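Before any comments, here is the structure.
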Amino acid sequence: MEGWKTLSKTNVYDTLKERGFIKQVTDEDAVQAALGNSQVTAYVGFDPTADSLHVGNLLGLMALAHLQRAGHRPIALIGDGTGMIGDPSGKTEMRQLLTREKIASNAERINAQINRYFTMDGHAGFAVRNADWLLDLNLVEFLRDIGRHFSVNRMLAAESYKVRMETGLSFIEFNYQILQAYDFLKLFRSHGCTLQMGGDDQWGNIIAGTDLIRRVESQPAEGLTWPLLTTAGGQKMGKTAKGAVWLDGSKTSPYEYYQYWINVDDRDVVALLKYYTFLPMTEIEKLARLEGAEIRKAKEVLAYETTEITHGKGEADKAREASRSAFGGGGQDISAVPTTEMASSRFDAGVLVVDVFAEVGLTKSKGEARRLIQQGGAYVNEKKVETIDDSLTIANAVEGALMLRAGKKRYHRLMIK
RNA sequence: GGAGAGGUACCCGAGUGGCCAAAGGGAACAGACUGUAAAUCUGUCGGCGCAGCCUUCGGAGGUUCGAAUCCUCCCCUCUCCA
């Protein structure tokens, strides 16, 4: 509480608003006043559907971090209880149910991951698991105490269930909202949590929670959503051809992570700087003034800052150097480029370039490698591979390594040992 | 449980005995143009020892010289009825 007074010079609500985090709010004046006058405990839920969070979850982490920086108390709720069911919001079909063990191990890893984004000392901020209170619920009791506050008519009318009304909605999914509302009530009671935040697809679920608290506790609770981000190209934020961009460095390397951000569409840069970095608005406005090829500088800032937030300064430096050296002069550090080792004996008789590209994962198959070469997109040490019969020997290596390139952007280093 | 519709490559979706490795679109990939951006144009887009061969059209069998296409059984999805 002491920290509150010293940190609260500006109202976080305004910060969130100018950075684009506000899409819908239950009661704007009330939320703004609360965040400006007192310490607020707020929560965001994270689903343990995978063993790592991805860029799509990052907005929630950023929002919580902003709150904590302003002296408020963030709670990260890991939905290992609701995860047993699967949130139908915005989905067109039933989500694959995960096993209990899988959810538990995912929750464990996500819990560890969240530490990176804000302090979770149990005091300034912390994580909770809803399995702790959901798994042992007694159905009949629950229906009497909580279920009676929900109107099926209203739930069915909700936008989030609309799509599913046509394709089918299972009973357990239909209950998801009730459980999420119950989570909010639970956190309200045990931790004085009065604000739930989430993506706009969560609006219905959040409202269900504030309504429930009003009904059973006769006290106000608020909710807030941020917009669901799509890139200028119409893609979901954080998705690439290969799938999600993960926050776990072993699933998406810091270098790949950096590359994801530097490759964003020009039109998205400014918005992304606001969402995904802590740079002051004045700084961002300066970057926003860049035009044409200069925009790349803003992208480099974006890539560096985001990589630092998720992977730390050391990795961010390495990724930046690797990126600079790979794309037009500058640094020397190529240690962040994906690397594979290969025994020198393999090179004695010469290895087909096609085999190497496929083996290293630069292409999915040898056929694809052949096509790549025929189309003139395969390079070894920056020299174009001319024919599909080309092979490599020790003589091609420079300081015991080969730099392979597929297309313009994908590099892979081959160490010979 | 009853009646009907359907399951085709990453996604959508044509094809209903040979001309089908399977139209078309989207996504993706490469090249040109660029700024590691966008747009546009061109090409590619199952695998391989690549003028040929192998494996695909929910699964397993069968008919046939020949099947994604016909038959049998099974699995799954959707709609209506109970």
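Letters A, B, ... are given to chains in the order of the sequence lines, protein chains preceding strands, and every chain is numbered from 1. Everything numeric in this text was worked out from a predicted model, so none of it was measured. The basis for the numbers below is simple: all heavy atoms, side chains too, and nothing from hydrogens, waters or symmetry mates.
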Using whole Å, report how far [atom1] of [X] lies from [atom2] of [N].
X	N	atom1	atom2	value
A:E256	B:U36	CD	C1'	15 Å
A:L372	B:G43	CG	P	18 Å
A:R405	B:U36	CZ	P	11 Å
A:I295	B:A39	CD1	P	15 Å
A:Q374	B:C45	CD	C1'	13 Å
A:E300	B:G35	CD	P	17 Å
A:I388	B:A30	CD1	C1'	16 Å
A:D265	B:G35	CG	P	17 Å

Whole-Å [atom1] distance, [N] and [M]:
N	M	atom1	value
B:C73	B:G4	P	14 Å
B:C45	B:A21	C1'	12 Å
B:G62	B:G7	P	24 Å
B:G1	B:G66	P	38 Å
B:A22	B:U55	C1'	14 Å
B:A67	B:G17	C1'	6 Å
B:G24	B:A38	C1'	26 Å
B:C33	B:A14	C1'	35 Å

Side chain of [X] only, please: which of [options] is the nearest?
X	options	value
A:K408	B:A30, B:U34, B:G47	B:U34
A:R371	B:U36, B:C45, B:A38	B:C45
A:S323	B:G43, B:U36, B:C48	B:U36
A:Y379	B:G31, B:A37, B:C48	B:G31
A:R410	B:C48, B:G35, B:C29	B:C29
A:A293	B:G47, B:G35, B:U36	B:G35
A:R296	B:A30, B:U36, B:C48	B:U36

Between the side-chain atoms of A:Q375 and the base atoms of B:G43, is any donor-acceptor pair under 3.5 Å?
yes
Has the side chain of A:Q259 got a donor or acceptor atom sitting under 3.5 Å from an opposite partner on the base of B:U36?
yes
So what does [X] touch, heavy atoms closer than 4.0 Å: a base, only the sugar-phosphate, or nothing?
X	result
A:V269	nothing
A:I262	base
A:K299	base

Taking C-beta and beyond as the side chain, do A:K274 and A:M281 meet within less than 4.5 Å on heavy atoms?
yes
Do A:V40 and A:E222 come within less than 4.5 Å of each other through their side chains, counting heavy atoms only?
no
Determine which nucleotide pairs with [N], using a 3.5 Å limit on both distances of a Watson-Crick or G-U wobble pair.
N	result
B:A60	B:U72
B:C65	B:G18
B:A51	none
B:G43	B:C29
B:U34	none
B:U79	B:A3
B:G24	B:C12

Pick the nucleotide of RNA chain B nearest each of A:G292 and A:A378; which residue has the one closer to the 5' end?
A:A378
Pick the closest RNA chain B nucleotide for A:Y258 and for A:S365 by heavy atoms, then say which residue is nearer the 5' end.
A:Y258
Quick check: A:Y276 with A:W261 (ring centres under 6.0 Å apart)?
yes
State yes or no: are the ring centers of A:H311 and A:Y258 separated by less than 6.0 Å?
no
Not counting sequence neighbours, list each pair that qualifies as a side-chain hydrogen bond (donor to acceptor under 3.5 Å, both in side chains) and has a residue in residues 376-386 of chain A.
A:E382-A:R405
Non-neighbouring partners of A:F357 that pass ring-ring contact (aromatic ring centres under 6.0 Å, His included), sequence neighbours left out:
none
Please determine if A:R129 and A:D183 form a salt bridge, counting it only when a charged side-chain N lies under 4.0 Å from a carboxylate O.
no
Between A:R324 and A:E300, is there a salt bridge with N-O shorter than 4.0 Å?
yes
Using OP1 and OP2 only, check whether a side-chain N or O of A:K409 sits under 4.0 Å from B:A37.
yes
